[in-house]
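I have placed the structure first, in the form of structure tokens, so that the comments after it can refer back to it.
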Amino acid sequence: MAIYTSILMVLIQLLLCASSNSYTILPPGTQRNATSKVSPLDKEAYALFSLHWWSIQYNISNRCNNWPGVECNNNGSITKLSPPKDSTYTFKRDLYIRDIDFSVFSNLVHLDLSQMDLYELPLGLSSLKKLTLLNISSNNLQDEIPFSLANFPQLMVFDVSNNLFTGQIPHEIGMLENLVTLDLSFNMFSGTIPLSLSHVTSLNHLRISNNQLDGELPSTILSLFQLKTVDLSRNRFLGKLPTTFVNNSQLRNLNLSDNRIGGYIPCEIGKLDNLVVLDLSLNQLAGPIPDQIGCLKNLTSLHLDSNWINGSIPSSIGLLTHLKELTLGFNHIDGLIPAELEHLVHLKVLDISNNAIFGSIPKWISALTQLTDIRLQGNQLCGVIPYGILIHSIHVDLSRNHLNGSIPSQIGYNLSYLDLNHNNLSGKKPKELESIRFYYLYCNPFLDDGYYDCSDSQDQRDSGHHNHHFSPSSIVLVLIIVASVLISFSSIGIGICVLRARYRRKHKNKAAKHGDLFSIWNYDGKIAFEDIIEATQDFDIRYCIGTGAYGSVYKAKLPSGKTVALKKLHKTESENPSYYKSFCNEVEVLTEIRHRNIIRLYGYCLHNRCMFLVYEYLERGSLFCNLADEIEAQELNWRKRVNIIKGTAYALAHMHHHCTPPIVHRDVSSNNILLNSELEVCVSDFGTARLLDPDSSNQTLLVGTYGYVAPELAYTMCVTTKCDVYSFGVVALETMMGHHPGEFISTLTKPSTQQLLVKDVLDPRIPLPKSRKDMQDVVHVVKLALACLSSDPKSRPSMQVVANEFLVSKAPIHVSFSDVSMYQLMNQEVYVIDKN
């Protein structure tokens, strides 16, 4: 049938090119006009039929009535053309479009070719001089814009966003006197914004974000009095904020974030009284926040985070009664939290983290019932945590302050993240905390449960609190020294087996021989050692369940009934300095860290005959083995795979952002991701982990597993948290694909790979996701994995950002799951709306 159709198309094309006296064969249902010649309407009908965007059930003669995406004028000539977006209509994207001469649509005023996977534009596009809307966004178009904008004098909407266009923005843009909306975002345009754009006085919406533009901000363009939306974020603009644009009373959305803009925030900004969104984050702005900010009475979002702003928070912000988001984090702001902020009754996000704000947390914060995201970490706040602050919230971070008193027991059912690390909290841990999915209480020396002690915390030293607990890292060093001395002076060799020696106030009596594992190791290491030897019959090969980066792994069932995993370093290996260092390194790291998604270290042993670590035992083994096994892989449905990736992300985020100093794993791979019987994940094997020293270059030897190592380590030899981010991206993609992505990663920038649909990349051993939630989650994981695999470490998100992405889903674009491409995920966020 396809062959006959092709022959018919060729015949039709030949007939159309024949003399005006010839007859033509038209698409089914098309009526020949009275002159028996090929009329312009016939040509339109043929071209429309040849696009194959609609199924055969649509009659070509009825094209102006009920065809989706098609509109005609009174004469029957097509004026609006766009491919049907609804998934119930099938079409072949760019398969035929490159062969169609669009000049036949001479009356076209609206042309939408977005999301068509186009690599080139159709013929005859430049002749459509009546166009008022041209949308070619979200395609694969490369190089410079291949036509002159002077060909479209009536253009009002011009959208080429989400492509791969390069070069400078054409200066002909200034000839579009009727232009209302210009969207060039998410491309690779360079150079400056042409000054000719200042002549387009009709412009309402200007979006040129996510490009490589530089130079100073164009003050003449920003002062266009009709502008309502300006988004120049994520470029390389320099200079100061111009004051000329503040005379634009129409401006409602201004986003200049993620540039290199310096200077002060001008007081004149208060004149933008219609402004709804103001985002100046991620720049180099200095000085105080002007009091005139309070004049922006319609503001709902104010983002000034990640600058060099100093001074105090102006009380005038309390006048912004419509404000929903206030982010001032990562600046040099000091002073108290102004009482006037209690008037922000619609506030949902409050971020004043990582500043120098002091005083207590105001009680009125609990009265802001819309407030769901509270970030006050990294300040000098003191006093107690107000009751009620945890009732309405979803995300609360109060870490790295000087808070005291007890932890409130009033906790709302929506709270999923609570970080109280590095404070001076006391009393008992409320049982209500167990209802929170993620909570952190480390480095609070006065909590009753010693598990949360952190005696060498910088916060404690600064606040003048002293205690007599020994830090685990200190104990490790002492034990190693003691072991060396004993081995040197004893031909028999006395065993020293010790659990990480955290002080536990609860244990005052000597434990029974076969009691709790922690109690045994706390108080009678010899008994614990004997139990281990007996349980493994002196490490018989029958109990060996695998090998790690160093040593062998054994399974042991203790007399108490508890099953543990043992990583044993043999004598010959202990004499190898690198193995011995890895052993001590793993002890040091795991005695400083505790997280539900990080392997739990029960104890360790130093002995003249052998050394071993004692871990919790995880029944399902490594992620690698589960993916490699056909039966077990089929058990890993999409929801379980997504949860595995989430757990891995939470563990790495904790290591990178909640440990002091940050811990870099350096060997994140599917072999080191372990699963328990419930398929909950634990990151393991910390033999190569490293504590980041902020005062050193962190140069390192190249370690890790081939295929997971970040590419920059090959030439910089400098380890950063972004190295783990890259490895995480490999693991995430591997989990979705069912096997290591291999060379697939190196081809991600190639058009042929970007053209792939996500559904064709997923593991074929399990059915494609069917529920909307599973489809959204899978797309979200693949999108984050691709972001983590960026060759530029600075372009990769942090693990905290990745973890937060899993906690708060985003859905800005509506696309059918079956149509989601790798290109779309590499260039924009996608939200799935249907199943097929």
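Please read all numbers here as calculations on a predicted model, not as lab measurements.
- With no hydrogens or angles considered, a side-chain donor-acceptor pair links Asp159 and Ser161 at under 3.5 Å.
- With 3.5 Å as the limit, one finds a donor-acceptor pair spanning the side chains of His303 and Glu325.
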Practice task
Start with the C-alpha distance between Asp777 and Lys773, add both sets of side-chain angles, then the distance that settles salt bridge (Lys or Arg N to Asp or Glu O under 4.0 Å), and finish with yes or no.
Solution key: CA-CA 6 Å; Asp777 287 345; Lys773 184 180 187 306; 2.7 Å; yes

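- For Asn211 (side chain) and Arg236 (main-chain N/O), no donor-acceptor pair under 3.5 Å exists by modelled atom type.
- With sequence neighbours excluded, the residues satisfying salt bridge (Lys or Arg N to Asp or Glu O under 4.0 Å) with Lys80 are Glu71.
- Asn210 places no side-chain N or O within 3.5 Å of a backbone atom of Ser233 that could act as its donor or acceptor partner.
- Taking a 6.0 Å sphere around CD of Gln250, one finds it holds more than 12 heavy atoms contributed by other residues, nucleotides or ligands.
- Ion pairing between Asp792 and Lys794 fails under the 4.0 Å rule for side-chain N and carboxylate O.
- Under the 4.5 Å side-chain criterion, counting only non-hydrogen atoms from C-beta, Asp214 is not in contact with Phe237.
- At a threshold of 4.0 Å, the pair Arg796-Glu712 counts as salt-bridged, since one of the basic side-chain nitrogens sits closer than that to a carboxylate oxygen.
- Between Asp101 and Lys43 there is no salt bridge, since no side-chain nitrogen of the basic residue lies less than 4.0 Å from a carboxylate oxygen of the acidic one.
- The list of ring pair (Phe, Tyr, Trp, His ring centres under 6.0 Å) pairs with a residue in residues 124-150, not counting sequence neighbours, reads Phe147-Phe152.
- How far CE of Met175 is from OG of Ser196: 9.5 Å, rounded to the nearest 0.5 Å.
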What donor-acceptor contacts under 3.5 angstrom involve side-chain atoms of residues 735-743, with partners at least two apart or in another chain?
| from | atom 1 | to | atom 2 | distance (Å) |
| --- | --- | --- | --- | --- |
| Thr735 | OG1 | Val731 | O | 2.7 |
| His740 | ND1 | Gly742 | N | 2.8 |
| His740 | NE2 | Gly707 | O | 3.0 |
| Glu743 | OE1 | Ser746 | OG | 3.4 |

Exercise for the section: Decide side-chain hydrogen bond (donor to acceptor under 3.5 Å, both in side chains) for His205 and Thr181; before the verdict, give the C-alpha distance in whole Å, the side-chain angles of both, and the deciding distance to 0.1 Å. Expected result: CA-CA 5 Å; His205 306 286; Thr181 297; 4.6 Å; no

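- Counted by atom type alone, Asn75 and Ser77 present zero donor-acceptor pairs between their side chains at under 3.5 Å.
- In this structure, the side chain of Ser137 does not engage the main chain of Asn162 through any donor-acceptor pair within 3.5 Å.
- Checked by atom type, the side-chain pair Asn253/Lys228 shows no donor-acceptor distance below 3.5 Å.
- The side-chain heavy atoms of Leu227 and Leu206, taken from C-beta on, include a pair separated by under 4.5 Å.
- In this structure, the side chain of Asn204 does not engage the main chain of Thr229 through any donor-acceptor pair within 3.5 Å.
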